[in-house]
Amino acid sequence: MASKQNFGAVVITGASSGIGEASAIYLDKLGYQVFAGVRRDADGEQLRRKTSVRLTPLLLDVRDEASIIAAANTVSAALNTVGLAGLVNNAGIVVAGPLEFLPVAELRKQLEVNVIGQIAVTQAFLPLLRKAQGRVINIGSDNGKVSVPFLGPYCASKFAMEALTDALRMELQPWGIEVSIIEPGTVTTPIWDKSITLADDIWNKLPPQAHKLYSAAVDATRNTANKLGKNGFPAEVVALAVAHALTAKKPKTRYVVGLDAQINIWLAKILPDRLLDKLIIQYLGLPKNP
Ligand code: NDP
C-alpha cells in the first residue's frame, strides 16, 4: 500500500466509477485531500465507504455552469486560504454512431461533456490552482491520436483535448502550473456498457435509410466494443499515471498508458493514412460491401 503523506488537495471530476473512482481512492491512500466530483449523493456516499474521512464528495456536473461554480466555491471555502494541488479532468461519455445520420444534438452533448465542460471546470478552479502552483491533469485517450469509425464524436473530443492541453500547458508555463494529458488504451470500466446502451438508443432512433446502409458495420463495431471493454486493463493502472503527473518533480506532458495505446499511437504515427484505415477496418470486422 502507498505510504501516507500530506500532498494537499485535489479535485477529480467523474469520480463515481472507473478511472475517476480508482484515482480518488489511490490519491486518498497517498494522503491527498480528495474532492471527488459526483452527480448523485448516493455515489459520493458509496465512494466514501472505500476511502478515508479526508475524501469529500463534491456535486459537480461538468455540463452545468451553476454546478461548476458552486463546486469551486465549496472547495474554496473548505480550503480557506490554501490552494489546490491538482485538478483531474476525468469526467467523460462516449457518443457513437454513423456521422452521416448522427443527430447534431448528440455531437453537441459529446463535446459539451468531454471538451467544453473540462475547460469550464479548469477555468473555475484555476484561481485555486494558482494559489498552490497546482497541476492540471486531463484524461485523454489513445483515441485522441487515432480516430475510428462510428466513434467519430468521441475521438473528436479526445483530439480536441490534446490541442487544448498543449495550449494550456504553454499558457500556464510562466506560473509553473504543469498541465499533462493521460492517454489510456482500453480500460475495463462501466463506460463500455454505458456507451453501447447510449449508442443503441441513438441507433434505434435513426431513419430506416441509416439502418439499411450501416447495420452490418454498426453491429460489427458493437461486437468488437463488447469484447474490448471486457478485456482491458484495470483503472488502477491509470490512477498510477495520474499520481505520477501530480507528484513527479518534472511530470510528463503525455502519459501513454497500456501496451495497446502505445501500439495504436505508434502505428498512427508511422503508417500512411490508407494503410492505417485498412488495419482499423479489418480489426473492427467492417463489411467491404455493406
Ligand atoms: P466511467 O463511465 O466509469 O466514468 C465516467 C465518469 O464521468 C462517471 O463518474 C460519470 O458520472 C462522469 N460523468 C459523465 N457525464 C458527466 C457530467 N456531465 N458531469 C460530471 N461527470 C460526468 O468511465 P471511465 O472511467 O472509463 O472514463 C473516465 C475517463 O477516461 C473518460 O474521460 C474517458 O473518456 C477516459 N478514457 C476511458 C478509457 C476506457 O477504456 N475506459 C480509455 C481512455 C480514456 P455518472 O456516473 O454520474 O454518469
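Values below: every heavy atom of this structure, side chains too, minus hydrogens, waters and symmetry copies. Both ligands and their constituent atoms are indexed starting at 1 by order of listing.
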Taking atom 8 (C) of ligand 1 as the reference point, the nearest protein heavy atom with its distance: S16 OG, 3.4 Å

Salt bridge K145-D142, side-chain N to carboxylate O under 4.0 Å: no

Any N/O pair V62/ligand 1 closer than 3.5 Å: yes

Crowding at CD, Q262 (>12 non-hydrogen neighbours, <6.0 Å): yes

Heteroatom proximity flag, I19 to ligand 1, N/O under 3.5 Å: yes

Nearest-contact summary for atom 20 (C) of ligand 1 - protein heavy atom, Å: L60 O, 3.3 Å

Protein contact of atom 24 (P) of ligand 1 - nearest heavy atom, named by residue and atom, plus distance: T189 OG1, 3.4 Å

Shortest protein contact, atom 7 (O) of ligand 1 (heavy atom only): G92 N, 3.2 Å

Part of K158 with heavy atoms under 4.0 Å of ligand 1, whether side chain, backbone, both or neither: side chain

Heavy atom of the protein closest to atom 22 (C) of ligand 1 (residue, atom name, distance): A91 CB, 3.7 Å

Protein residue, atom and distance nearest to atom 48 (O) of ligand 1, heavy-atom basis: R39 NH2, 2.8 Å

Nearest option to atom 28 (C) of ligand 1, as decided by whichever heavy atom of N90, I12, D61 sits closest: N90

Q133 side chain to W175 backbone, donor-acceptor under 3.5 Å: yes

Side-chain heavy atoms of W203 within contact of S215, under 4.5 Å: yes

Ligand 1-proximal atoms of A15, by part, heavy-atom distance under 4.0 Å: backbone

Heavy atoms of other groups near D273 CG, more than 12 under 6.0 Å: no

Best match, G14, A24, P184: closest heavy atom to atom 43 (C) of ligand 1: P184

Non-hydrogen atom of G232 closer than 4.0 Å to ligand 1: no

Shortest reach to atom 42 (C) of ligand 1 by a heavy atom, considering only S157, G185, A36: G185

Ligand 1 contact by T13, heavy-atom criterion under 4.0 angstrom: no

Ligand 1 to T186 polar contact by distance, N or O atoms, under 3.5 Å: no

Region of R40 that comes within reach of ligand 1 [heavy atoms, distance under 4.0 Å]: side chain

Side chain, backbone, both or neither: I93 near ligand 1, heavy atoms under 4.0 Å: side chain

K194-ligand 1 polar pair, N/O distance under 3.5 Å: yes

Pair T122-N89, side-chain donor/acceptor within less than 3.5 Å: yes

Sub-4.0 Å atoms of ligand 1 with respect to non-hydrogen atoms of W192: 39 (C), 40 (O), 41 (N)

Short N or O distance, V113 and ligand 1, threshold 3.5 Å exclusive: no

Side chains of K194 and I93 in contact at under 4.5 Å (non-hydrogen atoms): no

Which residue and heavy atom of the protein sit nearest atom 3 (O) of ligand 1, plus the separation: S17 OG, 2.7 Å

D166/R254 ion pair, N-O < 4.0 Å: yes

Path from F35 to V121 over hydrophobic side-chain contacts below 4.5 Å: yes

salt_bridge(K50, D28) N-O dist < 4.0 Å: no

Atom 44 (C) of ligand 1: the protein heavy-atom neighbour that sits closest, reported with distance to 0.1 Å: G140 O, 3.1 Å

Nearest-option assignment for atom 40 (O) of ligand 1, heavy atoms, candidates V94, D43, V187: V187

Hphob cluster co-occupancy, V10 + L172, side-chain heavy atoms under 4.5 angstrom: no

Residues K230, N226; criterion side chain to side chain donor-acceptor pair (under 3.5 Å); working and verdict: CA-CA 7 Å; K230 290 180 177 60; N226 233 330; 3.0 Å; yes

